[in-house]
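A quick write-up on the structure given underneath.
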Amino acid sequence: MASPVAASGRPQYRMLIDGAWVEAAGGATFESENPYLGSAWAEIPRAGSEDVERAVSAAHKAFKSPAWAGLTPSARGLLLCRLAERIAEEAERLAEIETRDNGKLITEMRAQLRYIPQWFHYFGGLADKVEGRVIPIDKPGMINFTREEPLGVVVAITPWNSPLMLATWKLAPALAAGNTIVWKPSEYSSVSALEFGKLFEEVGFPPGVVNIVTGFGSEIGEALVTHPRVAKVAFTGGDVTGQRVYESAARHIKPVTLELGGKSANIVFSDAELDNAVRGVVSGIFAATGQTCIAGSRALVQRSIHDEFVEKLVALGRTARMGDPLLDTTQVGPITTRPQFAKVLDYVEVAKTEGATCVLGGGKAERPECGNGWFVEPTVFTNVTPSMRIAQEEVFGPVLSIIPFDDEDEAVAIANNTQYGLAAGVWTQSIRTAFELSEKLEAGTVWVNTYRATSYLSPFGGYKRSGIGRESGLTAIREYLQEKSVWIDTIGQVANPFVQR
Ligand code: TXE
């Protein structure tokens with residue numbers, strides 16, 4: 001797929017267009033950096049508008065081709081299941097590449113790579129179970145039924161935090177539905193996407209069904225989203241970029257799925273199993289270095305247990321082992337990108353200036369085991385008020401804000417008082433509180449006495465500014481289909497041509 005080594009000595013990758021591994025038309029490349037080492041480790045094609053044109057044309061041609069459009073849904077599903085098997089075989093290698101490229105823990109990436117095949121199996125199995133309906137129409141002599149048809153070329157734009165998992169959530173249902181793909185991975189984590197791309201070829205997807213274009217969102221994002229032959233855009237990323245994608249798509253009346261992160265609340269009631277809740281809150285914010293859309297970045301803690309909770313949380317947070325994300329024993333890895341590193345440190349300063357009290361961490365990690373990497377200490381702020389920026393804006397780093405509350409109503413009011421609504425956690429022994437909050441919280445996912453659980457079987461997506469549409473689960477395939485209503489007159493006579501039937 002690639003001339004393996006560039007002049008710099010680093011591996012040089014190519015991107016996938018129409019079944020061929022190619023350089024950017026203009027020959028440009030960019031470097032992908034290893035966040036733990038703080039240095040470049042691979043070279044990637046830097047696509048321009050000509051490459052976008054090539055990729056979309058290839059996907060469009062493939063969408064119409066007998067090799068793809070002519071496949072039965074069962075045959076399409078089988079391809080996805082075969083892909084699942086190949087991914088499982090390559091899981092360890094792909095996980096290691098993800099970790100080198102984005103600095104997330106190998107233990108986390110390994111777990112994701114173990115899960116990814118489940119999505120391809122599930123949607124592969126679903127491909128031939130998408131059925132239309134026969135409508136008991138109110139007109140004699142008429143048959144009316146529906147067909148579920150693919151949309152065409154789907155552009156998938158993905159971020160750097162869980163590169164293959166978040167792409168899978170789009171590619172698996174989109175392909176099962178019969179669409180073709182142009183995938184633009186994040187410029188910070190393209191290597192695993194390019195390695196993943198080889199597997200589609202190996203299991204027999206026809207050329208052009210999956211194309212991978214690497215490069216910068218600021219350079220090719222708009223061209224991809226607005227291309228007249230692109231039927232749909234599926235995006236995961238920040239809300240500001242998501243809004244731009246939505247606005248561009250709207251100008252061309254294109255449907256979008258948007259998954260845009262959040263400011264999720266983990267709500268701890270006084271009747272919770274405290275040690276369990278402490279572990280849950282830690283896992284929600286520090287486990288993925290806070291770089292996850294579902295980070296539980298606000299802990300709302302009932303006032304009567306506030307001090308005890310903070311003490312236990314800080315004690316556990318202090319034990320977090322930082323360092324090389326490739327080691328199984330590391331618990332908190334580096335921040336993935338240089339700009340994100342600067343952003344997280346900025347927010348730490350913002351919180352201090354706003355008057356929050358830093359009770360753990362609070363800056364760049366200077367530990368020897370962190371080397372030259374972009375590490376931020378696991379950080380906890382108390383005395384946070386709901387209106388502070390640190391309580392309202394997505395940090396996307398290991399920074400937790402603790403806000404006290406008195407009763408259920410206040411907890412719900414604080415939890416819902418942000419523009420986001422991706423997820424929430426509730427820690428309580430009361431089944432009544434659990435039910436009540438699951439109804440009142442404005443969030444696409446509510447976890448009770450657990451956090452960060454996701455599955456191919458369960459819908460995932462955001463309320464409010466956290467997004468549009470759902471990924472995973474039965475309904476996700478509908479995001480990539482359109483319903484056609486077919487009318488057949490069995491009488492064979494057009495009665496009065498001037499009156500609607
Ligand atoms: O994301 P972007 P960034 C949040 C998090 C983070 C912030 C910025 O708060 O601090 O976003 O991160 C592509 N048209 N999340 O800058 O810009 C880009 O190339 C089309 C939350 O890395 O959203 C990449 O492939 N595409 C989140 C993808 O968008 C464009 C995960 C995401 O990048 C584009 C990541 C454009 N104009 C960050 N500009 C989550 N929901 O999990 C960029 N892109």
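Both counts, for ligands and for their atoms, begin at 1 and track the order of listing. All values below were derived from every heavy atom in this structure, side-chain atoms included, with hydrogens, water molecules and symmetry-related copies excluded.
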Pair Phe30 + Phe216: ring centers closer than 6.0 Å: yes

Atom 36 (C) of ligand 1 - nearest protein heavy atom and its distance: Gly217 O, 3.5 Å

Per-atom contacts, ligand 1 versus Gly237 - under 4.0 Å to a heavy atom: 15 (N), 21 (C), 23 (O), 27 (C), 31 (C), 32 (C), 40 (C), 41 (N)

Heteroatom proximity flag, Thr158 to ligand 1, N/O under 3.5 Å: yes

Test: Arg10 and Glu31 ion pair at under 4.0 Å: yes

NZ/NE/NH1/NH2 to OD/OE distance under 4.0 Å, Glu195 and Arg93: yes

Ion pair Arg46/Glu219, N-O distance below 4.0 Å: yes

Salt bridge flag under 4.0 Å for residues Arg100 and Glu96: yes

Atoms of ligand 1, numbered as shown, that sit under 4.0 Å from any heavy atom of Gly261: 41 (N)

Geometric cation-pi criterion Lys232 and Tyr480, 6.0 Å radius, 45° cone: yes

Protein contact for atom 33 (O) of ligand 1 (heavy atom, distance under 4.0 Å): no

Atoms in ligand 1 with a heavy atom of Leu260 nearer than 4.0 Å: 41 (N)

Residue pair Asn449 / Trp427, side-chain donor-acceptor N/O under 3.5 Å: no

Side chain to side chain donor-acceptor pair (under 3.5 Å) between Trp447 and Asn266, intermediate numbers included: CA-CA 9 Å; Trp447 290 291; Asn266 239 327; over 6 Å; no

Glu43/Arg14 ion pair, N-O < 4.0 Å: no

For ligand 1, the portion of Lys343 having any non-hydrogen atom under 4.0 Å away: side chain

Proximal ligand 1 atoms for Glu187, defined as those under 4.0 Å from one of its heavy atoms: 18 (C), 19 (O), 24 (C)

Ionic contact status for Glu479 with Arg470, cut-off 4.0 Å: no

Numbered atoms and elements of ligand 1 in range of Val245, under 4.0 angstrom, heavy atoms: 14 (N), 20 (C)

Minimum-distance protein heavy atom relative to atom 17 (O) of ligand 1: Thr241 OG1, 2.9 Å

Nitrogen or oxygen atoms of Phe235 and ligand 1 under 3.5 Å apart: no

Contact (N/O only, under 3.5 Å) between Gly238 and ligand 1: yes

Nearest protein heavy atom with distance in Å, relative to atom 42 (O) of ligand 1: Cys293 CB, 3.1 Å

Identity and separation of the nearest protein heavy atom to atom 9 (O) of ligand 1: Glu394 OE1, 2.7 Å

Closest protein heavy atom (residue, atom, distance) for atom 20 (C) of ligand 1: Gly221 CA, 3.3 Å

Ion pair Arg86/Glu202, N-O distance below 4.0 Å: yes

Top protein contact for atom 3 (P) of ligand 1, by heavy-atom distance: Trp160 NE1, 3.8 Å

Identity and distance of the protein heavy atom lying nearest atom 8 (C) of ligand 1: Gln340 OE1, 4.4 Å

Heavy-atom nearest option to atom 26 (N) of ligand 1, drawn from Val240, Ile157, Leu258, Thr292: Ile157

N or O pair under 3.5 Å between Lys184 and ligand 1: yes

Residues Lys170, Glu471: salt bridge by 4.0 Å N-O rule: yes

Nearest-contact summary for atom 35 (C) of ligand 1 - protein heavy atom, Å: Pro159 CB, 3.5 Å

